[in-house]
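Small disclaimer: the values here were computed from a predicted structure and weren't measured.
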Amino acid sequence: MRRRFEKALENGGLGLTVAEARTLAFISRRPGLRQSTLADELCVEPMTLVGFLDRLEAAGLVERIPDPADRRAKLIRLTPNAASMVRRIRTIGKSVREDAERGIDPEVVETLRLTLLRMQDNILTSTEVVS
């Protein structure tokens, strides 16, 4: 699905990588997160996120603002220019998802989604260290 989404983004002429598109979409759902929290939520290294944000900021799609609670921290939010880009990303994502789910009972898709979320939560909250 990621490859299909990547190809659809390329064909859509957005000029974004999948990671940048994912970052924009996530910020649209959770605006005002601290940069460090955003990296954790996206499961990427903070320095990796900095690269995404640098490119998105240069494109005028996001801005970093000082956190009033901690001036060392930055909060991330979309600029007004990002709204149409986010809509296009969501449209592309919906199309790819609909293709992937074609012919599968919606209840099965929902069960799969919930199961994968539970597995992710189990892994993220596990205290066992794998060596």
Item checked: Residue from Val109, Val108, Leu112 passing side chain to side chain contact (heavy atoms under 4.5 Å, CB included) with Glu101 ->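 Only match with Glu101 under side chain to side chain contact (heavy atoms under 4.5 Å, CB included): Val109.
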Check: Under the criterion side chain to side chain contact (heavy atoms under 4.5 Å, CB included), which of Gln35, Glu45, Arg55 is the partner of Val50?
Finding: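 Option passing the side chain to side chain contact (heavy atoms under 4.5 Å, CB included) with Val50: Gln35.
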Margin query: Does either side chain, that of Arg90 or that of Ser28, offer a donor lying less than 3.5 Å from an acceptor on the other one?
Written below: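 Yes, because at least one side-chain N or O of Arg90 sits under 3.5 Å from a partner of the opposite role on Ser28.
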Next item on the list: Check which hydrophobic residues are tied to Ile65 through side-chain heavy-atom contacts below 4.5 Å, counting indirect links as well, and list them.
Entry: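 Hydrophobic cluster check, Ile65: joined to Leu75.
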Check: Who else is in Ile123's hydrophobic cluster (ILVMFWY, side-chain heavy atoms under 4.5 Å, direct or via others)?
Finding: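 Result for Ile123 is none, singleton.
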Please report the interatomic distance [atom1]([X]) to [atom2]([Y]), rounded to the nearest 0.5 Å.
X      : Y      : atom1 : atom2 : answer
Ile76  : Ser36  : CD1   : OG    : 9.5 Å
Thr111 : Ile104 : OG1   : CD1   : 12.0 Å
Leu24  : Ile89  : CG    : CD1   : 4.5 Å
Thr79  : Met85  : OG1   : CE    : 9.5 Å
Thr17  : Glu6   : OG1   : CD    : 8.0 Å

Item checked: Salt-bridge contact Glu98-Lys94 (side-chain N to carboxylate O under 4.0 Å) ->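 Result for this pair is yes, salt bridge flagged.
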Check: Does a side-chain N-to-carboxylate-O contact under 4.0 Å join Glu110 and Arg113?
Finding: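 Looking at Arg113 together with Glu110, the answer is yes, because their closest N to O distance falls below 4.0 Å.
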Please name the pair of heavy atoms, one in [X] and one in [Y], separated by the smallest distance, quoted to 0.1 Å.
X     : Y     : answer
Glu57 : Glu63 : OE2-CA, 4.1 Å
Val62 : Leu78 : CG1-CD2, 3.9 Å
Leu42 : Thr23 : CD1-OG1, 3.7 Å
Phe52 : Ala19 : CZ-CB, 3.2 Å
Asp99 : Arg4  : OD2-NH1, 4.1 Å
Ala8  : Ile92 : CB-CG2, 3.4 Å

Checklist line | With Asn122 via side-chain hydrogen bond (donor to acceptor under 3.5 Å, both in side chains) - residues at least two apart | finding: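 Residues passing side-chain hydrogen bond (donor to acceptor under 3.5 Å, both in side chains) with Asn122: Arg118.
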Notebook entry, point to check: Is Leu61 close to Glu20 at the side-chain level, that is, under 4.5 Å between some pair of heavy atoms?
Noted result: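 A side-chain contact is absent here, since even the closest heavy-atom pair is not under 4.5 Å.
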Margin query: Between Asn11 and Lys7, is there a side-chain heavy-atom distance shorter than 4.5 Å?
Written below: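 SC-SC contact between Lys7 and Asn11 confirmed.
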Check: Does Thr91 offer a backbone N or O that forms a donor-acceptor pair with the side chain of Ser95 under 3.5 Å?
Finding: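 Answer holds: no.
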Notebook entry, point to check: Side chain of Arg88, backbone of Gly12: donor and acceptor closer than 3.5 Å?
Noted result: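 Yes, Arg88 side chain to Gly12 backbone: donor-acceptor pair under 3.5 Å.
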Notebook entry, point to check: Taking it one step at a time, do Ile27 and Leu53 satisfy side chain to side chain contact (heavy atoms under 4.5 Å, CB included)?
Noted result: CA-CA 11 Å; Ile27 295 168; Leu53 293 176; 4.2 Å; yes
